[in-house]
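Throughout, a chain's letter reflects where its sequence line sits, starting with A, and its residues are numbered from 1.
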Number of protein chains: 2
Amino acid sequence: MSDEAGAALTRDGTFSRRTEIVIRDMILDGTIPPGERLNEVALASALGISRGPLREAIQRLAGEGLLTVISHRGAFVRTFEARELDELYDMRCAFEMYAVRLICRRADDEQLGDLAAFVADTGLAMDDSNGRYPADRDFHRRLLALAGNTTLERAALDTQAQISLARSMSAQAPSRAKAALDEHQAIVDALRSREPDVAVRLVQQHLEHARSGALAALGFTDDPRKGNETP
Amino acid sequence: MSDEAGAALTRDGTFSRRTEIVIRDMILDGTIPPGERLNEVALASALGISRGPLREAIQRLAGEGLLTVISHRGAFVRTFEARELDELYDMRCAFEMYAVRLICRRADDEQLGDLAAFVADTGLAMDDSNGRYPADRDFHRRLLALAGNTTLERAALDTQAQISLARSMSAQAPSRAKAALDEHQAIVDALRSREPDVAVRLVQQHLEHARSGALAALGFTDDPRKGNETP
DNA sequence: TCTTTGTCAACTGTCAACAGTTGGACGGAG
DNA sequence: CTCCGTCCAACTGTTGACAGTTGACAAAGA
C-alpha cells in the first residue's frame, strides 16, 4: 500500500520535487478540492515518503498561491474570496497587456501566423462540440510564450493556475465560448497588423469580460471592493 | 554560541517563518552576497535551530526568486544574467503601468496629494545630500500601495526585491537621481490630472531609463537578447 | 607535464521519533 | 437547554541520526 499512490512519483529527481508535482496536479485536477486540509501523515504515507520532503513541497506550493498554510493548523487547498479573484484578474491583465506589447515588437510573422492558425483550428473544434471552448487556456499560454520573456511567462502561468483553481470552486459558467473565440481572433488580427495599442485594448476588454463571467459564476457581485466569507 | 546569531529570531512564530525573514534580510542586506552557498549545517547551528525548518525557509525564498536551489549541491543566493534582469524590468513595467491605471480610477485626491508631498520632501532631502536619491524605492512602494491591489502589490514588491538583489551585484550606477526625481514628479502630476494614458507612458519611460542604467551598471550591453556567463 | 582514475570528506536528501499546540468532546453549573 | 471550563486525541513543529551524492584531491599511468 505504501507504493500505491506513490507509483505516480517513481521518476527521477528528489522526493520533494516529485511530490510537489504530484500535489499540484491533484489540486488542479480537483482531486483535492479547495478548502480541504492536507493531512501530512496520511498524505506522506499514501505517497510512500516521510513528512520532511512533503513539507518542503507544501512550502513551495504555498508560495505559488495554491495552498494556504496556517501555523499549527495545517496546509489547506486555497480558497478565494471575490476580492482575491478580482485581484488575480488584474494581475493577469497587467501581464497579458504588456505581453502583447512585447509580441508586437518581437514576434515574427510566422509565429503570428501559427497563432492565427491555432485560433482557427480550435475554433472549428469548438463548433463541433457543444458551445464549450477548451482551448481558451492554450491560446493564452501560446500568447505568453510568444512574448519571449520566460520570467513573465512563468508568473503569468502561475496566476492562470490560481484563477483556474478559483473557478473550480463553482459550477460551470454560462458559456462565453463564441464571444471569447471572436475576441481571440481580433487580438491576433491586431498583432498581425502590428498595432500594439489596439491589441492592448482588445486584451483588456477580453479579460474584463472573462473577469465578469468568473465573478458571476462564483455568485459574486460584479464589483467586489469588499471582502467575503471564509468557510 | 547556539544563540548568538540566533538572538535575531527570538520573536514569536515558528522557527521556519522567523528564519525566512532573517535570511531574506541577510540576502538583501548583502550579508550573504549573490552566488554564495548557504551551508545548511553551519547556518542552522548559527541560528540555533535544526536543518528542518531552515530547509523549509529555503524553499520559500527560492520561490521568491532570491535563492537558487540545485539538487545535491545546495542553495545559492541568486545571481542574475543580463537577460534575467531585463525580464525582471519587463515584469516591473507590466505591474506599474497597470498600477497607475488602477490609481487613476481608484485613488482619491488626498492620497495623490500625500504622494506629491512625499516626492517634494524627499526631493529636498536629496538636494541636501550629494546627488543620491535613496527614496526612489519608497516612491514606487507607495505608488503600488495606492493601486489598492494587495496581490499585485506583493508580486511587484517581490520583483523589486529581485531587481535590488541583481543591482547589488555591481558597484553604484552613475547617479540618475535628479532625472528620476523629475520623472516621479511628472508621473504624480499626470495622476492628479487623472490622465491614465499619460501616466502609463511616463511610467514606461521612467522604468526604461532605470532599466538601461541598471544593465549598464552591471556591465551589460543595452539590449540583451542573449544569455551570459554563470560563475 | 597532462590526463585519468580511485578514494574520501563534506554536504544534502530522507527518515523516524519527540515535543508542543489546537480544536473538539465531555461534563457540570447556571 | 445553554454556556463554560477541563481534558484528550490528533496533528503539526522540531530534532538528531542515517543514507546517498558530489566535487576535490591524490596517486597512477601515458
Reading nucleotides 8-19 of chain D from 5' to 3' and marking B where a protein heavy atom lies under 4.0 Å of the base, S where only the sugar-phosphate is that close, and - otherwise, the string is ---SBBBB-B--

Given the rule in the salt bridge (charged side-chain N to carboxylate O under 4.0 Å, His left out) test, do Arg83(A) and Asp86(A) qualify, once you have shown the distances and angles that lead to the verdict?
-> CA-CA 5 Å; Arg83(A) 171 105 188 213; Asp86(A) 194 53; over 6 Å; no

Salt bridge present between Arg211(A) and Glu208(A) (N-O < 4.0 angstrom): yes

Asp158(B) meets the side chain to side chain contact (heavy atoms under 4.5 Å, CB included) criterion, sequence neighbours left out, with Glu64(B)

Check ion pair Asp90(A)-Arg105(B) (N to O, under 4.0 angstrom): no

Which of parallel (below 30°), tilted (30 to 60°) and perpendicular (above 60°) describes His184(B) and Phe139(B)?
parallel

